[in-house]
Protein chains: 2
Amino acid sequence: MALRYALLAALHEAPATGYELTQRFRSRLANVWNASHQQVYRELARLLQDNKLLVETVEQSDKPDKKRYHLTLSGKKDLQDWLNQPQSRPPVRDPLLVKLFAGDLLESEVLREDLEQLKQDWLAQLGYFRSIEHTYFRQPDALSRQYRLQYMALRRGVTQITAGLEWIEEVEATLEDLDNAP
Amino acid sequence: MALRYALLAALHEAPATGYELTQRFRSRLANVWNASHQQVYRELARLLQDNKLLVETVEQSDKPDKKRYHLTLSGKKDLQDWLNQPQSRPPVRDPLLVKLFAGDLLESEVLREDLEQLKQDWLAQLGYFRSIEHTYFRQPDALSRQYRLQYMALRRGVTQITAGLEWIEEVEATLEDLDNAP
DNA sequence: CCTTACATGTAACAAGTTACATGATTAG
DNA sequence: CTAATCATGTAACTTGTTACATGTAAGG
């Protein structure tokens with residue numbers, strides 16, 4: 001059910017097309033919610049059918065037409081109701097940690113590559129988040145309540161990745177220790 | 001597919017029943033992998049059919065009988081193959097951050113309660129992880145490679161929660177600031 | 001008495017993934 | 001000529017969730 005409300009929340013921020021929503025999920029909302037374009041289009045169709053959204057067709061001369069979705073009052077109300085109910089926290093499912101748990105069957109070299117890849121991914125994402133921070137949230141105290149709360153969502157991403165990177169250092173140090181002095 | 005390998009990894013650590021595996025996922029593996037008992041039983045049945053596991057029926061006089069599952073050679077090989085392939089990292093889907101993103105529709109009081117609940121959950125989990133740390137991982141350097149890698153999985157949980165708790169402080173401070181001096 | 005722990009499942013449904021499909025434009 | 005970006009979808013399949021189902025034993 002939560003994808004529904006992630007979409008409503010994103011559309012409440014600003015009306016958008018399915019394509020744009022998919023992009024938001026991949027970029028600015030990367031630490032908040034994830035959804036593929038297939039999921040987005042399917043759920044938008046349902047929301048539309050339930051009268052939670054309105055469509056505005058935007059004609060473009062050079063590119064294919066696009067459908068911009070807007071929240072209806074009913075959609076906004078649904079979102080509000082959902083927001084004011086407690087939501088369960090996300091379940092944890094991390095393949096990399098499963099690997100660590102099966103430790104003795106895992107080759108150090110493979111683990112090192114996994115860690116390196118993860119580090120690169122995280123560094124890229126951190127760089128992106130920091131650029132947003134720099135552009136939009138320079139003096140957070142001066143911002144509206146809405147933006148300060150959005151900033152807190154971004155901060156979550158930054159602190160999570162920072163802690164993750166430190167953890168990688170720890171694992172790498174352990175690995176070196178293990179392989180050098182057995 | 002990854003549930004399959006989470007089960008194989010857990011059974012590689014030690015043979016167990018469906019019930020015990022479900023418990024492990026809820027306790028020691030809470031920061032690694034999550035699965036309900038329904039999922040566990042279903043996947044165990046599939047693994048058994050594919051000859052990745054063997055069952056041993058353990059008769060009990062006082063409680064119902066139980067089925068203890070063991071890895072077969074084929075199961076172990078599957079696990080090994082999986083371990084040595086790169087795995088994608090888990091998608092992010094956090095309802096609380098969705099709430100923050102819809103900031104202006106969210107009442108401070110509701111958010112405060114959410115944060116308080118999350119803090120309590122995390123503190124309990126952190127306490128549990130620390131007790132494991134204290135019991136099994138006092139001098140990590142002295143342990144086998146296997147246990148040191150398992151310790152790194154546990155450390156991931158500890159560092160993640162620690163960072164999360166700090167983030168909560170940050171959000172609470174922001175909230176107070178917002179509500180006191182608008 | 002009532003809840004929790006132990007122990008194992010089935011069935012229906014919702015959510016998420018992977019594969020397939022189409023077509024224009026722009027940048028290298 | 002090839003890949004990437006824009007733009008929207010369908011279909012099939014796999015995972016994950018929720019609800020239902022059953023039965024014993026121990027502890028408060």
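To find a chain, count down the sequence lines: A is the first, B the second, and so on, and within it residues start at 1.
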What is the separation between atom CG on B:L44 and atom P on C:dT10, rounded to the nearest whole Å?
12 Å
Sub-4.0 Å heavy-atom contacts from residues 4-14 of chain B onto DNA chain D, ordered by number:
none
Rounded to whole Å, the NE2-C1' distance (A:H37 to D:dC6) equals 12 Å
Of all residues at least two apart in sequence or in a different chain, which pass the side-chain hydrogen bond (donor to acceptor under 3.5 Å, both in side chains) check with A:R145?
B:S108
So which protein nitrogen or oxygen atoms get under 3.5 Å of nucleotides 12-16 of chain D's nitrogens or oxygens?
from	atom 1	to	atom 2	distance (Å)
D:dT15	OP1	B:M1	N	2.7
D:dT15	O5'	B:M1	N	3.3
D:dG16	OP2	B:Q39	NE2	2.5
D:dG16	O5'	B:Q39	NE2	3.1
D:dG16	O3'	A:R93	NH2	3.2
D:dG16	N7	B:R42	NH2	2.6
D:dG16	O6	B:R42	NH1	3.4

Between the two ends of the helix from C:dC1-D:dG28 to C:dG28-D:dC1, what is the bend in degrees, rounded to 10 degrees, where each end axis spans five pairs?
40°
Hydrophobic cluster membership, with links at side-chain heavy-atom distances under 4.5 Å among I/L/V/M/F/W/Y: are B:V92 and A:L126 in one?
no
Scan B:Q23, B:E13, B:R24 and name whichever one has a side chain to side chain contact (heavy atoms under 4.5 Å, CB included) with B:L29.
B:R24
With sequence neighbours left out, write down each residue that passes side-chain hydrogen bond (donor to acceptor under 3.5 Å, both in side chains) with A:D104, or none if nothing qualifies.
B:H12
So with a 6.0 Å cut-off around CD of A:Q85, is the heavy-atom count from everything else above 12?
yes
Apply side chain to side chain contact (heavy atoms under 4.5 Å, CB included) to A:K66 and list each qualifying residue two or more places apart in sequence or on a separate chain.
A:T17, A:E20, A:V58, A:Q60
So the ring pair (Phe, Tyr, Trp, His ring centres under 6.0 Å) pairs with at least one residue in residues 115-134 of chain B (sequence neighbours excluded) are none
Quick one: list whatever passes side chain to side chain contact (heavy atoms under 4.5 Å, CB included) with B:Q80, sequence neighbours left out.
A:L105, B:K76
D:dT17 C1' sits how many Å from A:R89 CZ, rounded?
17 Å
Going by ring pair (Phe, Tyr, Trp, His ring centres under 6.0 Å), name the pairs with one or both residues in residues 84-109 of chain B, residues two or more places apart or in two chains.
none
Check whether any side-chain N or O of A:Y41 sits under 4.0 Å from OP1 or OP2 of D:dG9, and answer yes or no.
no
My understanding is that only residues two or more places apart in sequence, or in another chain, count here; which of them pass side-chain hydrogen bond (donor to acceptor under 3.5 Å, both in side chains) with A:Q139?
none
Roughly how many Å is it from CZ in B:R68 to C1' in C:dA7, rounded to a whole number?
13 Å
Residues from residues 17-30 of chain B sitting under 4.0 Å of DNA chain C, heavy atoms only?
B:T17, B:G18, B:Y19, B:Q23
For B:K67 and C:dA7, what is the distance between atoms NZ and C1' respectively, to the nearest whole Å?
11 Å
Can you measure B:K66 atom NZ to C:dA5 atom P for me and round it to whole angstrom units?
16 Å
Contacts of A:E43 meeting side-chain hydrogen bond (donor to acceptor under 3.5 Å, both in side chains) (sequence neighbours excluded), chain-then-number -> A:R4, A:R46
Taking the side chain from A:R156 and the backbone from B:L97, do they hold a donor-acceptor pair closer than 3.5 Å?
no
Say you draw a straight line from CG of B:L73 to NZ of B:K52; how long is it, rounded to the nearest 0.5 Å?
11.0 Å
